[in-house]
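Worksheet: one structure, shown below.
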Amino acid sequence: MALTFVMVKPDGVRRGLVGEVVHRFEQKGLKLKAMKLIQVTSDLAREHYAEHREKPFYPELVSFITSGPSVPMVWEGREAVSVARTVMGATDPVKAQPGTIRGDYGIEITENIVHGSDSALSAEREIALYFRPEEIL
Ligand code: IDP
Ligand code: MG
């Protein structure tokens, strides 16, 4: 069974969407393996988003992701990485289909409610950044 890393970003927590996000992944049939409420530090944010270091939106992204508590989670299931991204919808909520989290709840590209790993390799890296092995049940 595959694992993936998902995180409710600070806008999702501020807007009271944690329950809705968890509900959608549960409803799809993924299994919750770990979850907590944390304040992402700038060091962690820079490491998490290292691949975007050269992008024009990187400073805004780091400042947004550290702007309040986030809820990192680990989910398990068949093809969990792509299933989670399908449930989340396209990166830009303007383009995300209705019925997806970003399609139903967002309109800003930076404040797009959720993060989800884009490959098995990123999932492994991101899970290790946010969770100790004994926190994954
Ligand atoms: P993803 O979250 O769908 O995997 P990425 O391309 O990995 O999308 O981008 C990471 C995050 O950076 C996005 O979720 C979004 O919050 C932000 N982002 C991506 N592209 C832009 C942009 O063009 N302008 C502003 N923020 C962006
Ligand atoms: Mg990404």
Side-chain angles (χ1 to χ4, degrees):
M1 276 295 184
L3 294 180
T4 194
F5 176 76
V6 169
M7 186 163 80
V8 183
K9 296 181 180 183
D11 60 326
V13 175
R14 273 194 288 272
R15 292 173 58 197
L17 294 173
V18 175
E20 182 60 34
V21 170
V22 169
H23 177 60
R24 285 173 179 235
F25 288 113
E26 286 183 329
Q27 197 174 42
K28 179 62 186 168
L30 291 171
K31 185 177 168 208
L32 184 61
K33 300 288 286 178
M35 175 164 76
K36 57 190 172 184
L37 179 76
I38 62 156
Q39 172 64 50
V40 175
T41 63
S42 5
D43 281 354
L44 180 55
R46 282 195 289 264
E47 197 160 353
H48 177 160
Y49 285 120
E51 63 171 315
H52 296 305
R53 220 169 14 224
E54 309 303 329
K55 308 267 173 66
F57 60 83
Y58 178 75
E60 190 188 347
L61 181 56
V62 169
S63 125
F64 162 58
I65 215 74
T66 58
S67 68
S70 293
V71 177
M73 304 176 283
V74 179
W75 291 89
E76 180 185 65
R78 180 171 163 250
E79 306 270 356
V81 171
S82 64
V83 166
R85 286 185 69 94
T86 301
V87 170
M88 287 161 47
T91 303
D92 184 348
V94 163
K95 295 178 186 132
Q97 294 296 310
T100 66
I101 295 168
R102 287 161 169 174
D104 288 347
Y105 292 104
I107 195 147
E108 300 300 333
I109 188 162
T110 303
E111 305 207 353
N112 61 1
I113 309 145
V114 274
H115 166 82
S117 306
D118 63 6
S119 67
L121 206 65
S122 338
E124 197 180 324
R125 186 183 80 88
E126 291 166 4
I127 289 169
L129 271 181
Y130 285 86
F131 292 98
R132 298 189 306 274
E134 64 269 26
E135 290 180 301
I136 300 159
L137 305 180

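All ligand and atom numbering here is 1-based and tracks the order in the structure.
You'll find the side chain of Thr91 reaches within 4.5 Å of the side chain of Arg102, heavy atoms only.
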With the criterion set at N/O pairs under 3.5 Å, what does the list of contacts between the protein and ligand 1 look like, atom names and distances included?
{"unit_1": "ligand 1", "atom_1": "2 (O)", "unit_2": "Arg102", "atom_2": "NH2", "d": "3.2"}
{"unit_1": "ligand 1", "atom_1": "3 (O)", "unit_2": "Arg85", "atom_2": "NH2", "d": "3.4"}
{"unit_1": "ligand 1", "atom_1": "3 (O)", "unit_2": "Thr91", "atom_2": "OG1", "d": "2.5"}
{"unit_1": "ligand 1", "atom_1": "3 (O)", "unit_2": "Arg102", "atom_2": "NH1", "d": "3.2"}
{"unit_1": "ligand 1", "atom_1": "4 (O)", "unit_2": "Arg85", "atom_2": "NH1", "d": "3.0"}
{"unit_1": "ligand 1", "atom_1": "4 (O)", "unit_2": "Arg85", "atom_2": "NH2", "d": "3.3"}
{"unit_1": "ligand 1", "atom_1": "7 (O)", "unit_2": "His52", "atom_2": "NE2", "d": "2.9"}
{"unit_1": "ligand 1", "atom_1": "8 (O)", "unit_2": "Thr91", "atom_2": "OG1", "d": "3.3"}
{"unit_1": "ligand 1", "atom_1": "9 (O)", "unit_2": "His52", "atom_2": "NE2", "d": "3.4"}
{"unit_1": "ligand 1", "atom_1": "14 (O)", "unit_2": "Lys9", "atom_2": "NZ", "d": "2.9"}
{"unit_1": "ligand 1", "atom_1": "14 (O)", "unit_2": "Asn112", "atom_2": "ND2", "d": "2.8"}
{"unit_1": "ligand 1", "atom_1": "16 (O)", "unit_2": "Lys9", "atom_2": "NZ", "d": "3.0"}
{"unit_1": "ligand 1", "atom_1": "16 (O)", "unit_2": "Ile109", "atom_2": "O", "d": "3.3"}
{"unit_1": "ligand 1", "atom_1": "16 (O)", "unit_2": "Thr110", "atom_2": "O", "d": "3.0"}
{"unit_1": "ligand 1", "atom_1": "16 (O)", "unit_2": "Asn112", "atom_2": "OD1", "d": "3.4"}
{"unit_1": "ligand 1", "atom_1": "26 (N)", "unit_2": "Thr110", "atom_2": "OG1", "d": "3.4"}

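A ring-centre distance under 6.0 Å is not found for Tyr49 and Tyr58.
When each of Thr66, Ile65, Val62 is checked for a side chain to side chain contact (heavy atoms under 4.5 Å, CB included) with Arg46, only Val62 meets the rule.
In this structure, Asp104 contributes its side chain and Gly99 its backbone to a donor-acceptor pair below 3.5 Å. Judged by distance alone, the side chain of Lys33 and the main-chain N or O of Glu135 form no donor-acceptor pair under 3.5 Å.
Note on Val21: it clusters hydrophobically with Leu30, by side-chain heavy-atom contacts below 4.5 Å among ILVMFWY residues.
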